[in-house]
Asker: 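Here's a structure for you.
No experiment lies behind these values; they were computed from the predicted model shown. The sequence lines fix the lettering, A, B, ..., with proteins before strands; numbering per chain opens at 1.
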There are 2 protein chains.
Amino acid sequence: MQAGSQEPPRPPTGPEIADWVRQRIRTGRFVPGQRLVEVDIIRQTGASRSKVREALKRLEGEGLVEIEEFRGASVRSSTLDEVRQIYRARMALEGMAMHDFTARADPAMIARLQDLQDQLDACVQDRAPDRFGRLNNEWHRLIVEGSGNKVIADHLQRLNVPIHRLLFESFYDEERLKTANADHRAMLALIVAGDADGAERAMRAHIGDGFETLARIESEFYS
Amino acid sequence: MQAGSQEPPRPPTGPEIADWVRQRIRTGRFVPGQRLVEVDIIRQTGASRSKVREALKRLEGEGLVEIEEFRGASVRSSTLDEVRQIYRARMALEGMAMHDFTARADPAMIARLQDLQDQLDACVQDRAPDRFGRLNNEWHRLIVEGSGNKVIADHLQRLNVPIHRLLFESFYDEERLKTANADHRAMLALIVAGDADGAERAMRAHIGDGFETLARIESEFYS
DNA sequence: ATCAACGATATTGTCAACAATCTCGTCAGC
DNA sequence: GCTGACGAGATTGTTGACAATATCGTTGAT
């Protein structure tokens, strides 16, 4: 047997713990307001306390958790207005990413996008909102990564964490599912045509509509 | 004598140390590549090691410093291409901020902007690029804060730190100084006219031009 | 003179013990 | 029953000692 197939339980590093927590916040395993007790995280990850504390501080810097003196960390909750602000920032940054993507897109990228688009179409046919949500995320990521702007990609990733759950929510509305997919198709056409400004406008409108739908669906959850 | 007039030398907190370092990076007191030795910062700030380490980790999360294992923290240096990406992100976010500002601006805000504009004009007359740079920063901050979007304001603040010095550099070119001021005047007119889309376009062009000038001036500093 | 090996010193990484504060159940008094 | 004081336990904050690694001058061989 190859040495190393039996993973030695190396204690996780600070950033790894941050990822661990981040993912649980994204997926709703940790909900807004929930307290994050150091000992619990230590037990579940096998990390040392220093590392856990480091990770929590890091997440505080990202605005994901709140730390009160002697009261510890808890998952920060967003108001509807803050979600709106996040969407506004997404419109700006993803719009710009789309602009640059369109200006740079080569046939290989477009082919990947086309492939993804076919799968998205299939999801609409099959009424598979969950799968659509995952592929939709991949679609957006492809645009952002393909824009060649790592700074924008990084800031967008941070913006997306607190609203990760919401990014799936709206696709359970079938009307929205169809509209969103039509948006994607239209954007693909604009990319192929090399219309960077048009593609940017379309992306901004697409994200703006996403928020409108969301605000209708979720308004009851916020004060 | 009032108690407290003699400040008790309370040891600085983590975020305060981060600010301290951040400012020195901004103002060029710490230059890219320079190593940040924990003991030195302890001596200069009076903080404990834990706090200093916390602050450095925080700054690493912001992308301002680089931490290598057992080698410590050093000020991260940006390539010209990364500066370009930052400017691209600024165009997107400040453009959006300008859009929202124009849509929300009330007479009081416009009056403050007008006042700032007069001072900027005076700087152009007096050929005071340094003062112009400071007021220019204030002008941009007024727009961003006035947009009512704290998320965008926060991300812009982070984007600006690594390029803080550069934000002043281009105004020593007199041609650029005049152009930038004319841009400001034109934007003010668009704000007053309530043309949000036009103001946004103007802001993006303004920032884009700023980078062009910069790239010409500074290209020698980058590989 | 050049270079590699070595070792003293400097610097960072980790951990565990202790201190400070909060939380929450309990109970006396009304 | 209600309220507020009290205290044990839980949780977080801080510090200092020690381990691991890097840095840099020295030395000796070629």
Side-chain angles (χ1 to χ4, degrees), chain A residues 3-4 7-25 29-77, chain B residues 3-4 7-25 29-77:
Chain A
E7 279 205 4
R10 171 181 61 83
T13 73
E16 282 169 354
I17 302 171
D19 275 345
W20 186 89
V21 176
R22 215 180 280 117
Q23 187 182 344
R24 309 222 155 194
I25 292 177
R29 177 77 185 69
F30 291 161
V31 297
Q34 181 169 348
R35 289 194 43 189
L36 302 174
V37 178
E38 294 175 358
V39 183
D40 294 344
I41 300 177
I42 291 171
R43 269 199 279 268
Q44 294 184 58
T45 62
S48 67
R49 197 150 89 96
S50 333
K51 299 294 183 183
V52 171
R53 289 176 64 78
E54 174 193 329
L56 290 174
K57 287 277 169 55
R58 197 177 285 260
L59 292 169
E60 185 195 23
E62 292 176 23
L64 265 181
V65 312
E66 229 168 3
I67 297 183
E68 289 171 286
E69 182 138 8
F70 292 112
R71 301 210 40 224
S74 53
V75 181
R76 218 169 74 79
S77 56
Chain B
E7 280 206 7
R10 171 181 63 82
T13 73
E16 283 169 354
I17 303 170
D19 275 345
W20 186 88
V21 176
R22 215 179 280 118
Q23 187 183 345
R24 309 223 154 192
I25 292 177
R29 176 77 184 67
F30 291 161
V31 298
Q34 181 170 349
R35 288 191 48 188
L36 304 175
V37 178
E38 294 176 0
V39 184
D40 294 343
I41 299 177
I42 291 172
R43 269 198 278 268
Q44 295 185 58
T45 63
S48 66
R49 196 150 88 99
S50 334
K51 298 294 183 183
V52 171
R53 288 176 64 78
E54 174 194 328
L56 291 174
K57 287 276 169 59
R58 198 177 284 259
L59 293 168
E60 184 194 24
E62 292 176 22
L64 263 182
V65 312
E66 231 169 2
I67 298 183
E68 289 172 288
E69 182 140 9
F70 292 110
R71 302 211 39 226
S74 53
V75 181
R76 218 170 73 79
S77 56

Asker: For a quick check of understanding: with a heavy-atom distance under 4.0 Å over all strands, which category does A/I42 fall into, base, sugar-phosphate or nothing?
Answerer: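 The residue A/I42 makes no contact with any strand.
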
Asker: Mind calculating the distance between CZ (A/F70) and P (C/dT21) to the nearest angstrom?
Answerer: 5 Å

Asker: What is the distance, to the nearest angstrom, from the CD atom on B/E38 to the P atom on C/dT14?
Answerer: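 Roughly 12 Å, once rounded to whole Å.
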
Asker: Separation of A/E69 atom CD from D/dT12 atom P, in whole Å?
Answerer: 13 Å

Asker: Pick the closest DNA chain D nucleotide for B/S50 and for A/D40 by heavy atoms, then say which residue is nearer the 5' end.
Answerer: A/D40

Asker: Looking at D/dA22, D/dT14, D/dG13, which one has an atom nearest to any side-chain atom of A/I67?
Answerer: D/dG13

Asker: Identify whether the distance between the nearest side-chain nitrogen and carboxylate oxygen of B/R58 and B/E62 falls below 4.0 Å.
Answerer: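 No salt bridge links B/R58 with B/E62.
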
Asker: Without decimals, in angstroms, what is the distance between A/R35 CZ and C/dC22 P?
Answerer: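 That distance rounds to 12 Å.
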
Asker: Is A/S48 touching bases, backbone alone, or none of the nucleic acid, heavy atoms closer than 4.0 Å?
Answerer: sugar-phosphate

Asker: So, does B/R53 get its side chain near the phosphate of C/dG13, meaning an N or O under 4.0 Å from OP1 or OP2?
Answerer: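 Looking at the OP1 and OP2 atoms of C/dG13, one of them is under 4.0 Å from a side-chain N or O of B/R53.
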
Asker: Between B/R76 (side chain) and B/G63 (backbone), is there a donor-acceptor pair under 3.5 Å?
Answerer: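 Answer holds: yes.
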
Asker: Rounded to whole Å, how long is the line connecting atom CD of B/E54 with atom P of C/dG13?
Answerer: 15 Å

Asker: Between C/dT23, D/dT14, C/dG13, which one does the side chain of B/K51 approach most closely?
Answerer: D/dT14

Asker: With the side chain of A/R49 defined as its heavy atoms from C-beta on, choose the nearest nucleotide among C/dA17, D/dT11, D/dA20.
Answerer: C/dA17

Asker: Using a cut-off of 4.0 Å on non-hydrogen atoms, how would the nucleic acid contact of A/L56 be classed: base, sugar-phosphate, or nothing?
Answerer: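 Counting heavy atoms under 4.0 Å across all strands, no contact is made by A/L56.
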
Asker: For A/R71, does its backbone N or O pair with a side-chain atom of A/R35 as donor and acceptor, under 3.5 Å?
Answerer: yes

Asker: Starting the side chain at C-beta, find the nucleotide from C/dT12, C/dC22, D/dT12 nearest to A/R71.
Answerer: C/dC22

Asker: Looking at every non-hydrogen atom in both residues, tell me the closest pair between B/A18 and B/L59 and how far apart they are.
Answerer: O-CD2, 4.0 Å

Asker: Can you check the B/I17 CD1 to D/dT14 P distance for me, whole Å?
Answerer: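 Going from B/I17 (CD1) to D/dT14 (P), I get 11 Å.
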
Asker: Please determine whether the number of non-hydrogen atoms from other residues, nucleotides or ligands lying under 6.0 Å from atom CD of A/Q44 exceeds 12.
Answerer: yes

